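The next block holds one structure in the form of structure tokens; read it before the comments.
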Amino acid sequence: MQNINILDSTTHRQRFDPSEMAARISGIAKQCREAWGDAFALELPEGFQKSNQMVVAGMGGSGIGGDLLSSLALTDGSAPIHVWRDYNLPPWVNGQTLVVASSYSGNTEETLSAFQAARHYGCNLVALTKGGTLEELATESRSPLIKIKFTGEPRTALGYSFIAPLALAIRLKLIPSTPINNLEKTIDRLDEVTTVYKPTSPLEKNPAKQLAGKLFDRTVVIYASNPLSAAARRWKTQINENAKTWAFAETLPELQHNSIVGYEKPKGESRKVFVVLLESNAYDPRLLLRHKVVKEFLEKENIEHQSFEFTEPDVLGNMLQAILLGDFTSYYLALLNQIDPAPIPAIDFLKGRVAPSQH
């Protein structure tokens, strides 16, 4: 068993986080404000106003913003918003489809393919990138470009990958502004909550450090329902990339129709699992009941779990706060694993194998 008190050690943190990822995670509120301003300042061609659906094309940390936006769009009055994680684009896109090609590096092979496909289909196209080939293609084709000012890993650029497409969707009336209510207050609250989770907040007052201790040396499974299902996916990918640990995300009510039965075999495996439940005051009452029942089941089966309820006045606030807790938890889990959260050698290896020129 790892001594979780080391999470309060500055020396331990400096040893395993030499690039100071904690500072980049802590800067999410500032980044959200910056991305919002940049997206609203972007000059859009007149024809963009006719957009009636949206596709966010991106992989990994550059694509997760599309998942979050798609979940946020599950409200009355929203247009279809899709996420595309592949080459090319689905054949149903057309001249009234807004495509946001999102690649932090600007060199993601699948996203570059989607950008070219969007040009072929005559879509309304926006590039979201730090630079690279995507910036070059956007400049060459005179497509609107949101230049990411933040420097870090793609997964720490969530303010841009999520908030910038959100701002575009609101500008073009693809999503009503009601799910975000007062953005300024929402972001201010994010700043406040960050102080609770950041490294200088001691273990006894820091829920992210405490949860990381419970997740250490366990297989992590995250349960959530819409609109927090995409936040659960974010938890899964952050634990994978930062802590280099197995993690899986499941959604209710679907998991109660299949995966919940899987705890029976292999014998003893369920004792190695820790389930995290993300809950929101925005859930349908029927989903709240299902969450209650699944917790009763986990208790009965002696499966360790913990639930977190997010009670902000708007959906966006709940999503961002759930993400922040997951980001910090994955970071502290990396420190408990005595591993630098920033490098992703397995992904770098795969990229090198499929596209040697890609960085």
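Every value quoted in this text rests on a predicted model; they were computed, and no experiment measured them.
Considering only heavy atoms from C-beta on, R155 stays 4.5 Å or farther from Y104 through its side chain. By the 4.5 Å heavy-atom criterion applied to side chains, L44 and L172 are counted as neighbours. I4 places a side-chain heavy atom less than 4.5 Å from the side chain of L203. Using a 4.5 Å cut-off on side-chain heavy atoms (C-beta onward), L145 and V126 make no contact. At a threshold of 4.5 Å between non-hydrogen side-chain atoms, the residues I25 and Y197 do not count as touching. With a 4.5 Å cut-off on side-chain heavy atoms, I146 and L168 count as touching. W84 places none of its side-chain heavy atoms less than 4.5 Å from the side chain of V99. Looking at heavy atoms from C-beta onward, M59 lies out of side-chain contact with E109 at the 4.5 angstrom threshold.
Counting heavy atoms of neighbouring residues, nucleotides and ligands inside a 6.0 Å radius, atom CZ of R271 exceeds 12 of them. Remark: E20 CD is loosely packed, at most 12 non-hydrogen atoms of other residues, nucleotides or ligands lying under 6.0 Å away. At most 12 non-hydrogen atoms from other residues, nucleotides or ligands lie less than 6.0 angstrom from NZ of K30. The number of heavy-atom neighbours closer than 6.0 Å to CD of E204, taken from other residues, nucleotides and ligands shown, is above 12.
With no hydrogens or angles considered, no side-chain donor-acceptor pair links E136 and T133 at under 3.5 Å. Side-chain N/O atoms of K130 and T151 include a donor and acceptor closer than 3.5 Å. A donor-acceptor contact closer than 3.5 angstrom is absent between the side chains of N318 and T311. Using modelled atom types, one finds a donor on one side chain and an acceptor on the other under 3.5 Å when comparing S229 with N226.
Between R234 and D67, no side-chain nitrogen of the basic residue sits less than 4.0 Å from a carboxylate oxygen of the acidic one, so the salt-bridge criterion is not met. A salt bridge links R33 with D188: at least one charged nitrogen is closer than 4.0 Å to a carboxylate oxygen. By the 4.0 Å N-to-carboxylate-O rule, E140 lies close enough to R119 to be salt-bridged with it. Salt-bridge check for E304 with R218: passed, with a basic side-chain N closer than 4.0 Å to an acidic carboxylate O. One finds a salt bridge joining D8 and K209 here, because a Lys/Arg side-chain nitrogen approaches an Asp/Glu carboxylate oxygen to under 4.0 Å. Taking 4.0 Å as the cut-off between side-chain N and carboxylate O, E296 and K300 do not count as a salt-bridged pair. Salt bridge annotation for K185-E192: absent, with no cationic side-chain nitrogen under 4.0 angstrom from a carboxylate oxygen.
Judged purely by atom type and a 3.5 angstrom limit, W235 has no side-chain atom pairing as donor or acceptor with the backbone of T329. Of the possible polar contacts, none joining the K265 side chain to the G262 backbone as a donor-acceptor pair under 3.5 Å is found.
Considering every non-hydrogen atom in both A79 and N52, the closest pair reads CB-O, 3.4 Å. The minimum heavy-atom distance between I222 and A232, with the atom names listed, is CG2-CB, 3.7 Å. Contact between V100 and P165 at its shortest, heavy atoms only, is CG1-CG, 4.4 Å.
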Exercise for the section: Could you walk me through whether L166 and W36 pass the side-chain contact (heavy atoms from CB on, under 4.5 Å) test, one step at a time? Expected result: CA-CA 8 Å; L166 169 61; W36 182 265; 4.2 Å; yes

Practice task
Might you work through the salt bridge (Lys or Arg N to Asp or Glu O under 4.0 Å) test for K147 and E135, ending with a clear yes or no?
Solution key: CA-CA 8 Å; K147 190 75 179 286; E135 181 181 9; 3.4 Å; yes

Handout entry: Verdict with supporting geometry, Q321 and E312, side-chain hydrogen bond (donor to acceptor under 3.5 Å, both in side chains)
Key = CA-CA 9 Å; Q321 290 200 20; E312 291 301 298; 3.2 Å; yes

Handout entry: side-chain hydrogen bond (donor to acceptor under 3.5 Å, both in side chains) evaluation trace for T156 with E153
Key = CA-CA 5 Å; T156 56; E153 302 78 17; 3.2 Å; yes

Exercise for the section: Mind running side-chain contact (heavy atoms from CB on, under 4.5 Å) on E301 and Y263 for me, showing each step along the way? Expected result: CA-CA 9 Å; E301 296 296 321; Y263 284 117; 5.7 Å; no

Problem - Audit row: F308, L277, side-chain contact (heavy atoms from CB on, under 4.5 Å) steps and yes/no - result: CA-CA 6 Å; F308 294 89; L277 298 102; over 6 Å; no

Problem - Worked verdict on D217 versus K272 for salt bridge (Lys or Arg N to Asp or Glu O under 4.0 Å) - result: CA-CA 8 Å; D217 208 26; K272 303 175 185 177; over 6 Å; no

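Both tests do not hold together for K214 against F274: distance to the six-membered ring centre under 6.0 Å, angle to the ring axis within 45°.
If you look at Y283 and H291, their ring centroids are closer than 6.0 Å.
Checking each of L333, L335, D327 against Y331 for a side-chain contact (heavy atoms from CB on, under 4.5 Å) leaves exactly one that passes, namely L335.
Between F248 and W246, the ring-plane angle classifies as parallel under the 30° and 60° cut-offs.
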